[in-house]
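Have a look at the structure below before the remarks.
Note on naming: letters A, B, ... go to the chains in the order of the sequence lines (proteins, then strands), and numbering restarts at 1 for each one.
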Number of protein chains: 2
Amino acid sequence: MEHRNISIADQIFEKLEKDILIGEYSRGEILTESKLSENLGVSRTPIREALRRLEQEHIIEMSSKGIVVVGISKEDIDMIYEMRVRIEGLAARSAVENASEEDIKELRDILSLQEFYTHKEEADNIKNADSDFHKKIYSMSKSVTLRDALTDLHKKVIKFRRASVSNHSRAKNALDEHMSIYNAIAERNADLAESLIVKHVENARNRLKESNN
Amino acid sequence: MEHRNISIADQIFEKLEKDILIGEYSRGEILTESKLSENLGVSRTPIREALRRLEQEHIIEMSSKGIVVVGISKEDIDMIYEMRVRIEGLAARSAVENASEEDIKELRDILSLQEFYTHKEEADNIKNADSDFHKKIYSMSKSVTLRDALTDLHKKVIKFRRASVSNHSRAKNALDEHMSIYNAIAERNADLAESLIVKHVENARNRLKESNN
DNA sequence: TTCTGTGTTAATGTATACAATTATACTTGT
DNA sequence: ACAAGTATAATTGTATACATTAACACAGAA
């Protein structure tokens, strides 16, 4: 193993982040360190460290009453897609320019998984493979700044994405678009990859709007 | 006062963030909690909370040896400007659509300050007023997501910006561009504001490259 | 020499005690 | 009844002790 063990604080962070982003806690809800500590069976120290990270992500806020859940609203979603439309093409272009052959092979593997789950119509697995595809492209850009910014934007949408992939034809369309994007990247065609991914993000936004209205 | 008192942990966070972003610590340098604790005269608890936030901002990384300073490299700068070019126009447009008259008045005040300091050629004050101008537009967009993303990008450039504003003609150009952008926003001309700020960010990137080569 | 194992050291990770602040409920005076 | 003040409780903020883990140096055998 090359990375450090996952600490309790890390686990708490991941759990809370996930719970907040999927809407487990409602917007404006107030949490307290003591209760989290009691419920999760750990001391306040790792809880607080997780909270500081969530605070830095702006999905919670501190007040004297306790921790206020901010989460993600529908209005946020619109802006998130506006932003992704504008910078995700940059990631695709950068991926074409910087990805290793190994990277491209891994991207293909992710795509095969998505294909498999789309046929089996397993919504959660489709959603994860879909996310992995985008995240892989982000990291293939070899820019930590770009990857982090896009990863942050991407994960904030998860609450609204499940309905979108549950519809088979929508899931199939997304898969086809991923396939085209993959081909463009594998052929090292930066212009095409960029334009395809921009179109894909726009389509994803529309599919998401259809399914959440 | 409407916000909570600034805790020691918050102060430590701000200090460390600033020190890292201005290049006080060199890339790859290893810090330890104990030494920070000793040097800053506080216990490890607030230190650790500050570190978790810095980690979340990806300007430090944890390893078993200690805290590794990541900071910002020249290559990061290029990508940061690429990203700003693509999304800062969104902020200007959104600001035009959502800003209150009070907001616009405040923006004007910031601009006046920048004008004052530019005449007096006080580099640090120019730099701060310049930052404030952009940050005000970010917050005028009324989108927390957009504001946070742009603020993160903006503050990561500070190490490289000082030289840029030290040259009077470059500082004057930046001021003129800000003036035009302000006018477009005050006239509620979204298209113009967007195109002007995009051009301004591109110019700022060029000015920065000139001054750092 | 070089590799391996082991003891030591130094670092992070966690729990807990206590301090300080703030909200809340209650009481008391008008 | 209502306002103000006060005591109480609950919450976050910090320090410290201890646990755990990983790096390092060194010794000894191959």
Winner on side-chain proximity to Ser34(B), out of dT12(C), dT12(D), dG13(C), is dT12(C)
Separation of dT14(D) atom C1' from Glu49(A) atom CD, nearest Å, is 13 Å
In whole angstroms, the gap separating C1' of dA17(D) from CD of Glu33(B) amounts to 15 Å
Rounded to whole Å, the CZ-P distance (Arg44(A) to dT12(D)) equals 7 Å
Between Lys156(B) and the options Ile20(B), Ile77(B), Ile59(B), the side-chain contact (heavy atoms from CB on, under 4.5 Å) test singles out Ile59(B)
Separation of dA10(C) atom P from Ile67(B) atom CD1, nearest Å, is 16 Å
- Query: Less than 3.5 Å between a donor and an acceptor, one on the side chain of Thr45(A) and one on the base of dA15(C), is that the case here?
  - Reply: yes
Here the distance between atom P of dT12(D) and atom CD1 of Ile60(A), to the nearest Å, is 10 Å
Quick note, salt bridge (Lys or Arg N to Asp or Glu O under 4.0 Å) partners involving residues 23-36 of chain A, not counting sequence neighbours, are Glu33(A)-Arg44(A), Glu33(A)-Arg48(A)
Checking dA15(D), dT14(D), dA11(C) against the side chain of Val42(B) (C-beta onward), the nearest is dA15(D)
Atom CG of Asp10(B) and atom C1' of dT14(D) are separated, to the nearest Å, by 13 Å
Rounded to whole Å, the CD1-P distance (Ile12(B) to dG13(D)) equals 14 Å
Taken to the nearest 0.5 Å, the spacing of Ser94(A) OG from Met79(B) CE works out to 4.0 Å
Applying a 4.0 Å non-hydrogen cut-off, can you work out what Leu51(B) is touching in the nucleic acid: base, sugar-phosphate, or nothing? nothing
Ile47(B) atom CD1 is separated from dG13(C) atom P, nearest whole Å, by 14 Å
Quick note, Ser7(A) side chain, CB onward, closest among dT14(D), dA11(C), dT14(C) is dT14(C)
Validation: residues 142-150 of chain A side-chain donor-acceptor distances under 3.5 Å, sequence neighbours left out:
unit_1	atom_1	unit_2	atom_2	d
Lys142(A)	NZ	Asp103(A)	OD2	2.9
Ser143(A)	OG	Leu146(A)	N	3.1
Asp148(A)	OD2	His58(B)	ND1	3.0

